[in-house]
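Report on one structure; see the data block that follows.
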Amino acid sequence: MYDLRRMQMLLEIHERGTVIAAANALNLTPSAISQQIANLEKEAGVQLLRRVGRRVQLTSAGLIVVEAARTILGEIDRMTTNVASLAEEAAGVVKLAIFQSAAFALLPGALTYLKEHAPQLTLKVLQIDPETGLSLTRSREYDMVLTESYPQHPSPQYTDLHTELLVEDPLHLIVPEHSGITSIRQAHSIGWALEREQNTSAQWATNQCRLAGFEPDIRFHANDMITNSTLVRSGHAASIVSGFVLAALSNAEGIRVVELPNSPYRSIYTAVRKDSANNPAVAMVREAMHYAVQQRVSHK
């Protein structure tokens with residue numbers, strides 16, 4: 001009998017190309033993954049992986065196991081959805097991966113909605129970057145992720161996920177209040193505070209500077225937009241932030257908001273596995289997120 005957890009590990013290796021990437025998605029160490037795959041090969045009696053340079057490649061037998069794993073895991077999601085649909089109300093546990101600014105803006109309202117409309121449902125939340133959240137959702141560690149895309153920087157599309165637009169969040173340049181900067185082109189002489197360079201938000205902001213004719217002097221990298229905004233407030237940096245971040249600031253004292261060319265915005269989505277999209281508990285959390293967005297709009 002093949003171990004399903006080991007089959008899932010092989011599936012993650014196939015989709016991500018390396019043992020390290022699969023280990024990160026499953027929150028395990030690479031050595032633990034390698035040991036479990038070795039055990040799976042013993043169960044199968046054949047080689048499932050072969051090394052090709054720094055990456056690994058599935059053998060013909062490995063591909064058969066991966067397709068079976070994908071089918072079984074999808075059936076488990078469908079079974080869970082069908083069983084949950086028999087209940088009179090949404091219940092159980094939903095695990096949500098959400099990035100910081102969305103958590104600030106939407107999580108309190110969503111929790112209030114769930115408390116009133118689905119008291120038997122428990123929402124467990126992890127604050128994490130969208131890219132990692134997508135991996136955790138695809139690997140079934142989490143049930144839903146809030147993800148984002150920027151102009152000319154769309155988020156990755158996966159055939160196993162159902163994605164739904166939640167809200168469009170405007171993007172702004174923020175500079176020290178007394179800097180005299182009134183456009184992004186004038187921000188060439190000041191340091192910048194952005195998220196870590198592998199994040200889409202930082203890549204997009206860097207490209208905006210290049211389009212304005214300069215390479216930004218990025219002095220501060222922090223995946224904490226409140227920290228970055230504080231550096232702007234204290235006169236040490238410029239940054240690009242979303243409307244959600246501006247709303248999360250206790251006050252905008254010391255900060256000047258400068259409009260960017262063409263009034264850009266980021267799109268925020270919910271993403272869930274396709275086979276669990278109709279699960280009543282998952283659908284209720286999506287509903288709660290939409291409620292939180294509407295609450296924000298009505299209170300502006």
Item to check | Trp192 side-chain N/O to Ala187 backbone N/O, donor-acceptor pair under 3.5 Å | outcome: yes

Item to check | Side chain to side chain, Leu106 and Phe244, heavy atoms closer than 4.5 Å | outcome: yes

Checklist entry - Is it the case that Glu148 and Ser201 place a side-chain donor and acceptor less than 3.5 Å from each other? => result no

Item to check | Charged N-O contact under 4.0 Å between Arg256 and Glu177 | outcome: no

Next on the checklist: Between the side chains of Arg266 and Glu168, is the shortest nitrogen-to-carboxylate-oxygen separation below 4.0 Å, so that they form an ion pair?
Outcome noted: no

Checklist outcome for this item: Rounding to 0.5 Å, atoms CG (Leu10) and OH (Tyr2) come to a distance of 11.0 Å

Checklist entry - How long is the span from the NE2 atom in His172 to the OG atom in Ser263, to the nearest 0.5 Å? => result 8.5 Å

Checklist entry - Is Asp143 salt-bridged to Arg273, cutoff N-O under 4.0 Å? => result yes

Item to check | Which atom of Ser34 lies closest to which atom of Val19, heavy atoms considered | outcome: OG-CG1, 3.8 Å

Next on the checklist: Strictly below 4.0 Å, N to O, side chains only: are Glu75 and Arg70 in salt-bridge contact?
Outcome noted: no

Next on the checklist: Tyr113: which residues meet the ring-ring contact (aromatic ring centres under 6.0 Å, His included) condition with it, sequence neighbours left out?
Outcome noted: His117, Tyr291

Next on the checklist: Closer than 4.0 angstrom, basic N to acidic O: yes or no for Arg138 and Asp160?
Outcome noted: yes

